[in-house]
Asks: 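Have a look at this one before I ask anything.
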Amino acid sequence: MSESSSTSRSSTTPPSSVIPSPTLSTLSLTDPKEVTEDDRQEAAKLKADANKAFSSRNFLKAAQLYSEAIARNPSDATLFCNRAYTRIKLEEHGYALQDASHAIELNPKYAKAFYRRAMCHIQILKPQQAIADLKRVLALEPQNAQVRRELESTQKLVRKIEFEKAIEVEEEKSAVDRCLEMIAEGSCEVEKTYQGPTLETTDDGKYKITIEFIRSMLQWFKDGKTLPRRYAWEITLGAHDHFVKEESLVDVKVENDATIDVIGDVHGQLYDVLHLLSLTGVPSPKHLLLMNGDLVDRGSWSVEVILIAFALKWLHPTGMFINRGNHEAKEMNRTYGFEGEAKHKHGEQTYKLFAHVFTTIPLATLVSATRPPAKTENAILSSNGVKRYFVTHGGLFSKDGITLDDIRKIKRIGRQPGTEGLMCMFLFLLWTDPQETPGWGPSKRGVGIAFGPDVTRRWCESNGVTSILRSHEVRQDGYAVEHDGLCTTVFSAPNYVDQAGNKGAFVRIDAEGTQEYIQFDAQPHPNVRPMAYQSGGLASLMM
């Protein structure tokens, strides 16, 4: 597909890709409106139009049409159930769960609504609650073999989670230490039959990374081939050694005549990442790259994508930067495919290595210009008069007063996002989303919160930050400028999971802090479906 680009440099004019979430129904189910025959007929027409929009994968339009149908006939459980499925496609799992619950309240024997609510519980990492709903489906449809397999799979998942929690307490040696130990023992050597790209060795026998190796590796991956397990370990360990030296908030200055490209979610879409790198180029002293999380899961080449990013980090530690996304986490990897893919391609110990190194990835980056802007346009500047951009995967926090120093102090290594103290702040950085209304609101995802434009402005002004750059959400144009120019979403996985139809984009920032938005289209790829290494209902729900 051809490349298209945008050279708009304004950070205040929202593009057409801003996607407002369909509003939640405020209709009372205990005291519903009187529904006339005309209402029912109009709702049926709207439902038919919504079904067509859904079939053509215009999920936003479908959700809006189902909402209009619900307004006409709020007693029809199928409308809520259909909208739930549409919201699952939009990754609004919190909203979808509410819709499925409404459908069940209207029809307590609605098996499909119980099933969709179960899938929502799995998506928001609550598999134990999904088990109860799957059992309800089987009580209503005892011959449903697919749901029985889902129940068994989910029960197995819950047992696995409980087992892993138990052994984590007992395991003292980190995956990094264990891999280094196995290498020293000679139990992870490169196969003699391997004929692909070769890492060079130093005089003391250690492996080193070169740009020639990376270029050969890119072609090797494009040809559908994999690296030896030893090389996957060396690349991951090489990146790890640099991550552990970085604070949770990394400071990056864009020097004179230099630029930095901020890249959003890529989600294992290898062939789009290869095209993206042809547009950005590899990192160098004059051209930096920052990948803003969610490199893995959903796409079925997540191992190749993360190895590319880690190899670039190993080669150019001061030119390649990576922020952690909400998908660089064990629970998400277990649910959305990366765990299965990593174990399939390189074995369980390799997955354990990835899982630990993910915890060492910084949580945010402060990108600072080094020259005053030619035009300030009422921009918020730092104390020394330059633009600064706070780049993090999700967004802001559930209260005011959080400072940049607070973020630097987060102890992230070996830890997962939590619900208390600094670990709660950790969760917000990875999970939150902007909303159009002021203040704070519930998350449409069912995890984290949503923050309004007033929250963004207060935080930027108090911290001397020009604007926030975040990812975490599909935008049809690949990016969207929101919150009066103070919050930009950038998403770099075009035609997300082979069905969203969106463009990809990245943001280029120069030494004055000027932004340029560059869009690109999806590239052809081999016939491998998204989440190919994830079994069960979630994989089918994505298609």
Side-chain angles (χ1 to χ4, degrees), residues 18-27 29 54 59-60 62-64 66-67 70 77 79-106 110 112-134 154 265 294 297-298 325-327 329 331-332 335-336 393-398 417-419 424 426-452 455 470-475 482 489 491 496-497 500 537-538 541-542:
V18 177
I19 305 174
S21 298
T23 55
L24 284 170
S25 174
T26 57
L27 298 166
L29 296 177
F54 186 95
F59 302 124
L60 179 62
Q64 292 169 334
Y66 286 131
S67 297
I70 287 169
L79 297 175
F80 285 99
C81 191
N82 286 5
R83 190 171 68 174
Y85 193 22
T86 305
R87 284 173 163 167
I88 289 172
K89 293 289 190 178
L90 290 168
E91 298 191 1
E92 297 180 343
H93 306 123
Y95 287 178
L97 192 148
Q98 292 183 45
D99 276 344
S101 296
H102 282 322
I104 291 166
E105 188 172 345
L106 287 166
Y110 198 171
K112 187 178 290 186
F114 280 110
Y115 179 77
R116 288 179 178 165
R117 190 168 71 176
M119 293 301 101
C120 289
H121 283 309
I122 293 174
Q123 297 256 14
I124 62 174
L125 311 179
K126 295 180 179 180
Q128 188 65 57
Q129 295 184 35
I131 288 173
D133 280 338
L134 291 170
T154 306
D265 302 37
D294 281 12
D297 279 339
R298 300 200 184 274
N326 64 303
H327 278 269
E331 288 188 328
M332 300 298 282
T335 303
Y336 291 95
H393 182 72
L396 294 180
F397 317 99
S398 61
T419 57
C424 186
F426 181 170
L427 180 138
F428 293 142
L429 286 167
L430 304 189
W431 275 98
T432 56
D433 297 299
Q435 64 180 19
E436 295 180 355
T437 55
W440 292 275
S443 169
K444 62 191 176 186
R445 299 173 187 271
V447 181
I449 52 103
F451 59 96
V455 175
R470 43 92 62 181
S471 302
H472 197 38
E473 292 183 279
V474 179
R475 290 295 185 255
E482 303 161 88
T489 298
F491 195 83
Y496 179 45
V497 292
L538 285 188
L541 275 175
M542 293 310 301

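All residue numbers in this chain count up from 1 along the given sequence.
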Asks: Taking the side chain as every heavy atom from C-beta outward, state whether Leu134 and Thr154 have any atom pair closer than 4.5 Å.
Replies: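 Yes - at least one pair of side-chain heavy atoms lies under 4.5 Å apart.
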
Asks: Between Arg298 and Tyr496 (side chain of the first, backbone of the second, donor and acceptor by atom type, cut-off under 3.5 Å), is there such a pair?
Replies: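 Absent.
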
Asks: Quick test of your reading of the model: are Arg116 and Asp133 salt-bridged, counting only N-O distances below 4.0 Å?
Replies: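 Salt bridge flag = no for Asp133 with Arg116.
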
Asks: Is there a donor-acceptor pair closer than 3.5 Å between any side-chain N or O of Asn326 and the backbone N or O of Asp294?
Replies: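 It does not hold such a pair.
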
Asks: How close do Phe59 and Thr86 get, counting heavy atoms only, and between which atoms?
Replies: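 It is O-CG2, 3.0 Å.
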
Asks: Main chain of Gly394, side chain of Arg470: is a donor-acceptor contact present, judged purely on distance under 3.5 Å?
Replies: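 Here the side-chain-to-backbone pair exists.
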
Asks: Determine the minimum heavy-atom distance between Cys81 and Ala103, stating which atoms define it.
Replies: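 That closest heavy-atom pairing would be N-CB, 4.0 Å.
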
Asks: Output yes when Arg87 and Asp99 qualify as a salt bridge under the 4.0 Å nitrogen-oxygen rule, no when they do not.
Replies: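 The answer is yes: the pair qualifies as a salt bridge.
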
Asks: Between the side chains of Arg83 and Tyr95, does any donor sit under 3.5 Å from an acceptor?
Replies: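 Checked: Arg83/Tyr95 side chains show no N/O donor-acceptor pair below 3.5 Å.
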
Asks: Is there a donor-acceptor pair under 3.5 Å between the side chain of Asp265 and the backbone N or O of His472?
Replies: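 Judged by distance alone, yes, a pair lies under 3.5 Å.
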
Asks: Could you tell me whether a side-chain N or O of Thr432 sits under 3.5 Å from a main-chain N or O of Leu396, the two making a donor and an acceptor?
Replies: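 Yes.
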
Asks: side-chain contact (heavy atoms from CB on, under 4.5 Å) for Asp433 and Lys444? Distances and angles first, verdict last.
Replies: CA-CA 9 Å; Asp433 297 299; Lys444 62 191 176 186; 4.3 Å; yes

Asks: Show the nearest heavy-atom pair for residues Ala100 and Arg117, with the distance to one decimal.
Replies: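 Closest approach of Ala100 to Arg117: CB-CB, 3.7 Å.
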
Asks: What are the two closest non-hydrogen atoms of Leu90 and Ala63, and how far apart are they?
Replies: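 Closest approach of Leu90 to Ala63: CD1-CB, 4.1 Å.
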
Asks: Output, in order, the C-alpha distance, side-chain angles, deciding distance and verdict of side-chain contact (heavy atoms from CB on, under 4.5 Å) for Val447 and Leu125.
Replies: CA-CA 9 Å; Val447 181; Leu125 311 179; 5.9 Å; no

Asks: Yes or no on side-chain contact (heavy atoms from CB on, under 4.5 Å) for Leu97 and His121, after CA distance, side-chain angles and deciding distance?
Replies: CA-CA 8 Å; Leu97 192 148; His121 283 309; 3.4 Å; yes

Asks: Could you please spell out the steps behind the side-chain contact (heavy atoms from CB on, under 4.5 Å) verdict for Leu429 and Phe397?
Replies: CA-CA 7 Å; Leu429 286 167; Phe397 317 99; 3.6 Å; yes

Asks: So, for Phe54 and Tyr66, is the gap between ring centers shorter than 6.0 Å?
Replies: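 Not close enough - the centres of the two rings lie 6.0 Å or further apart.
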
Asks: Between the main-chain N or O of Gln123 and the side-chain N or O of Tyr336, is there a donor-acceptor pair closer than 3.5 Å?
Replies: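 Flag set: sc Tyr336 to bb Gln123 pair under 3.5 Å.
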
